[in-house]
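Below is one structure, written out as structure tokens, with a few remarks after it.
Atom set for the values below is all heavy atoms of this structure, side chains included, hydrogens, waters and symmetry mates excluded. Whatever order the structure lists ligands and atoms in, that order sets their numbers, starting from 1. Remember, it's a predicted structure, so these values are computed and weren't measured experimentally.
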Amino acid sequence: MKKRVFIKTYGCQMNVYDSSRMADCLSPLGFVEAQTPQGADLVILNTCHIREKAAEKVFSELGHLRALKEAKGRRGGEMLIAVGGCVAQAEGAELLRRAPFVDIVFGPQSYHRLPELVARAARKTGEGLLETSFPAEPKFDFLPAPGASAGVSALLSVQEGCDKFCSFCVVPYTRGAEFSRPAGQVLAEARRLVAGGAREITLLGQNVNAYHGKAPQGGEWRLGELLRAVSEIKGLERLRYTTSHPREVDRSLIAAHRDLPKLMPHLHLPAQTGSDRVLALMNRRHSADDYRRIVDRLREARADLALSSDFIVGFPGEEEEDFAATLAFVKEIGFAQAFSFKYSPRPGTPAAAAPRQVPEPQKAERLAALQALIARQQCAFNQSFLGRVLPVLLEKPGRRGGQLLGKSAYLQNVHVTAAAERRGEIAPVLIREAGLKSLGGALFDRASA
Ligand code: 5AD
Ligand code: SF4
């Protein structure tokens, strides 16, 4: 009999990937994915712990789910509730204590054990099950092959975890030590995705350019070599990778940007701050000048490269002059886009206990100033494409009828006037509108004339 599983995903693309792999590993048990939690046999929250109140959001969502579970129970049915991901890893037993109606708590490195956990939970042992060890066996060796229909733009996890211990970051504690999948395994998954219709693949890792996986012929590949091999897959048209660390941009990666036309000219390279003093406090182990040099070398290799980044404001000890250095840095590098966040103390990380925490009003003020600057740059970047023809990957139905939503090489959303059957193509689009968040235009080829 078919059973229904509803998976709600919080956080990063790695979690999006993990959620789809969870569905893959539950499908042999007869689970099909549901779009709502109502009446589901199993609900999984795949949680994120990166910033503020993530755990609180999970507890409030769990409150709603408890009501659904009880309602189903009154009708004689059963709904299992499982909490996975980074909050599960960080909170562990505390989660079961605060929410005793939760059946399973499992970490990001143990979800290949979900089928067994679900079977055990269904047998009603009473206590909630806790699986937050970092197993010796890599989960990838136990997951079934991914479902064939990953969409035209697919995610592929190649590296996980982090040994860098930036002083603000919870990831080394929730995702564990750095680990790279063997290149052969990555290539096999990439081929399968392309055979299933993917035109674009994004290689994922918390520290993706720290990749150092076993090469198919022995030895080790770095990310540059892996990209080279993946780009040779016929039918694949676009290749990306995220998220990178400035310390791991090596010669092979720069060469990949120079040599591989399929590697998109867009790089997300978190800088966090433009101040050397704060970079040191953050334990980033590079300077602002190191970052500038990397950008110069990348732009030499690929002149049309656009950069996006992440910034944290109000890190403990950040002074006005440090923040001014960040603003100057954002202008100088000319980021096309960036995400910025108020520093949020994460339990157990060194910076959470650091003296000189920045008061909330100052954090808010700095965030507003930085976001205004970034928005101006992003808008100018988008407007620079007005009147130009861009290749756009037509991904899904658009907001209005007769429209498709696509992505430019620079990851801009593009609303395109196009017939539904053009979906999945990379088509030339004449850009006629450009705002902060998206571009708009119409197909510009013979088929559309
Ligand atoms: N507070 C605020 N932002 C954070 N990030 C990571 N940890 C924190 C934190 N404790 C941001 C960083 C990172 C992005 C994914 O999230 O900018 O690059
Ligand atoms: Fe959130 Fe980081 Fe975990 Fe992704 S890896 S879910 S961003 S805490």
Side-chain angles (χ1 to χ4, degrees), residues 9-18 47-57 85-87 89-91 108 155 157 159-175 178 202 204-210 241-249 267-275 278-279 281-286 288 291 294 307-318 322-323 326-327 329-330 333 335 337-354 356-360 362-368 370-371 373-374 411:
T9 309
Y10 302 79
C12 63
Q13 285 170 303
M14 180 80 81
N15 261 18
V16 175
Y17 174 84
D18 286 345
T47 61
C48 171
H49 204 41
I50 196 86
R51 283 177 296 273
E52 209 78 57
K53 302 199 185 101
E56 291 316 309
K57 267 191 241 158
C86 293
V87 174
Q89 187 65 44
E91 299 274 323
L155 302 173
S157 193
Q159 181 281 339
E160 250 194 279
C162 183
D163 296 337
K164 293 216 164 42
F165 292 91
C166 299
S167 61
F168 53 82
C169 187
V170 78
V171 166
Y173 311 94
T174 62
R175 289 270 170 180
E178 213 164 285
T202 304
L204 297 180
Q206 264 94 36
N207 242 300
V208 70
N209 56 338
Y241 62 92
T242 200
T243 291
S244 312
H245 192 291
R247 274 184 66 96
E248 305 274 2
V249 179
L267 178 60
H268 184 67
L269 190 63
Q272 312 299 357
T273 168
S275 152
V278 177
L279 280 168
L281 291 172
M282 288 177 165
N283 192 33
R284 293 288 286 175
R285 297 187 293 147
H286 66 83
Y291 192 102
I294 293 164
L307 285 153
S308 76
S309 202
D310 289 340
F311 290 93
I312 296 176
V313 300
F315 186 81
E318 184 188 71
D322 298 307
F323 179 62
T326 296
L327 292 176
F329 188 74
V330 168
I333 302 285
F335 291 103
Q337 202 231 331
F339 301 98
S340 46
F341 314 100
K342 288 186 226 171
Y343 169 67
S344 156
R346 305 285 72 209
T349 58
R356 298 172 50 228
Q357 298 285 329
V358 174
E360 180 56 33
Q362 248 153 1
K363 283 188 194 171
E365 204 175 291
R366 290 177 193 171
L367 185 69
L370 179 56
Q371 291 190 334
L373 172 63
I374 292 166
L411 277 184

F329: what forms a ring pair (Phe, Tyr, Trp, His ring centres under 6.0 Å) with it, not counting sequence neighbours? Y291
For ligand 1, which is the ligand I care about here, please tell me if F341 has any N or O atom under 3.5 Å from one of the ligand's N or O atoms. no
Is D310 close to ligand 1, meaning an N/O of one under 3.5 Å from an N/O of the other? yes
Sidechain N-carboxylate O distance under 4.0 Å for E360, K342: yes
Flag, side chain of Q159 to backbone of A210, donor-acceptor distance under 3.5 Å: no
Under 3.5 Å donor-acceptor, T326 side chain and G274 backbone: yes
Counting each atom of ligand 1 from 1 as listed, which ones have a heavy atom of Q272 under 4.0 Å away? 12 (C), 13 (C), 17 (O), 18 (O)
Which of the atoms in ligand 1, numbered in the order shown and given with their element, are less than 4.0 Å from a heavy-atom of K342? 1 (N), 2 (C)
